[in-house]
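Contents: one structure, followed by commentary.
Counting from 1, the numbers follow the sequence of the chain as shown.
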Amino acid sequence: MPAWVVPAVAVAVVIVLVVVWIRIYNGIITADNRCDNAWQTIDAQLQRRSDLIPNLVETVRGYATHESSTLSAVTAARAAVDAAGSPEAKMEASNVLTDTLRSLFAVAENYPDLKASANFQQLQTELSDTENRISYARMSFNDMVLEYNNAIETFPGSLVAGRRFRPRAGFEAASPEARTAPEVRF
């Protein structure tokens, strides 16, 4: 065997290892970027919901002027979502806003004229559509977080990820009650 064969094999092995490391590293970066993109989709839908709420509040206010505490709670919850700095804080504030919107729609049930208003019905439909989009975006975000976390926590990705990449948290149910199915009785 010629003397150059052993160093050539060693160089080839090093090159293969470097290429594998680069592919794994790029895969982790891609998964991380997908998480960021999925979060931006959620953020866009949260903004859409936030933009709809002032119109909804004003519509309800015209019919239910003495329900000011509910309207104030919705406005405050919307402001908390807008002011949240981190994704985790925005997730929490969004869950609070969802709860206050439920109470607003419960109040609306007491006002037949409001429920019959075309403007209110349109806003309610748009808000419902937005909530569905947010739900879908959250599921997509959780899928991306799972993919990313698997990439950095499984071998050999964990070696490549080292300390630079940290696991991400996905969306969870807002409260323990949200995890149980509602009981419907007729």
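- In this structure a side-chain-to-backbone donor-acceptor pair under 3.5 Å is present from Thr41 to Asn37.
- When the side chains of ILVMFWY residues are joined at heavy-atom separations under 4.5 Å, either directly or via intervening members, Val160 and Val19 end up in two distinct hydrophobic clusters.
- Ile22 and Ile28 fall within a single hydrophobic cluster, where Ile, Leu, Val, Met, Phe, Trp and Tyr side chains are chained together by heavy-atom contacts under 4.5 Å.
- Residues Leu97 and Ser94 have side chains not in contact (no heavy-atom distance under 4.5 Å, counting atoms from C-beta outward).
- Taken together through direct or relayed side-chain contacts under 4.5 Å among Ile, Leu, Val, Met, Phe, Trp and Tyr, Ile15 and Tyr25 form parts of separate hydrophobic clusters.
- Salt-bridge check for Asp129 with Arg49: failed, with every basic side-chain N at 4.0 Å or more from each acidic carboxylate O.
- Residue Asn55 holds its CG atom at 9.5 Å from CD of Gln122, rounded to the nearest 0.5 Å.
- Annotation for Asn149 and Pro167: closest pair OD1-CA, 3.2 Å, computed over non-hydrogen atoms.
- Side-chain atoms of Tyr148 come within 3.5 Å of backbone atoms of Arg166 as a donor-acceptor pair (strictly under, hydrogens ignored).
- How far CG of Asp43 is from CZ of Phe141: 10.5 Å, rounded to the nearest 0.5 Å.
- In this structure, the side chains of Ile29 and Phe165 come closer than 4.5 Å at one or more pairs of heavy atoms.
- Hydrophobic clustering (ILVMFWY, side-chain heavy atoms < 4.5 Å, transitive): Met139 and Leu146 are in distinct clusters.
- For Ser50 (side chain) and Leu46 (main-chain N/O), no donor-acceptor pair under 3.5 Å exists by modelled atom type.
- Closest non-hydrogen pair, Ala108 versus Leu114, comes out as CB-CD2, 3.7 Å.
- Within the 4.5 Å cutoff, no side-chain heavy atoms of Ile152 are placed close to those of Ser158.
- Atom-to-atom distance recorded for Met144:CE and Asn33:CG is 12.0 Å, nearest 0.5 angstrom.
- Put simply, the side chain of Phe120 reaches to within 4.5 Å of the side chain of Val60, judged on heavy atoms.
- Trp21 contributes atom CH2, which lies 11.5 Å from atom CG of Leu159 (distance to the nearest 0.5 angstrom).
- The hydrophobic clustering, which links ILVMFWY residues whose side-chain heavy atoms are closer than 4.5 Å, places Val14 and Val16 together.
- When side chains are defined from C-beta on, Cys35 does not count as touching Gln40, because their heavy atoms never get closer than 4.5 Å.
- Nearest approach of Thr154 to Asn150, heavy atoms of both residues: OG1-O, 2.6 Å.
- By the 30° and 60° cut-offs, the orientation of the rings of Trp39 relative to Phe171 is parallel.
- Counting only heavy atoms from C-beta outward, the side chains of Asp99 and Ser103 never approach each other to under 4.5 Å.
- Within the model, atoms OH of Tyr136 and CD1 of Ile42 stand 11.5 Å from one another, a figure rounded to the nearest 0.5 Å.
- A distance-only check finds a donor-acceptor pair linking the side chain of Thr75 to the backbone of Leu71 [under 3.5 Å].
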| request: Under the salt bridge (charged side-chain N to carboxylate O under 4.0 Å, His left out) rule, what do Arg48 and Asp51 come out as? Steps first, then yes or no, please. | output: CA-CA 5 Å; Arg48 181 175 191 261; Asp51 293 344; over 6 Å; no
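- The two residues Asn142 and Gly170 have their closest heavy-atom pair at OD1-CA, 3.1 Å.
- Comment: Asp143 does not engage Arg34 in a salt bridge, judged by the lack of any side-chain N to carboxylate O separation of less than 4.0 angstrom.
- With a 4.5 Å cut-off on side-chain heavy atoms, Asn119 and Glu58 do not count as touching.
- Atom CD in Glu172 sits 10.5 Å away from atom CD in Glu92 (nearest 0.5 Å).
- Among all heavy-atom pairs drawn from Arg168 and Val145, the shortest one is O-CG1, 3.4 Å.
- The two atoms that bring Leu104 and Val74 nearest to each other are CB-CG2, 4.0 Å, heavy atoms only.
- Remark: the backbone N or O of Gln124 is not paired with any side-chain donor or acceptor of Ser128 at under 3.5 angstrom.
- Using a 4.5 Å heavy-atom threshold, the side chains of Leu101 and Glu131 count as touching.
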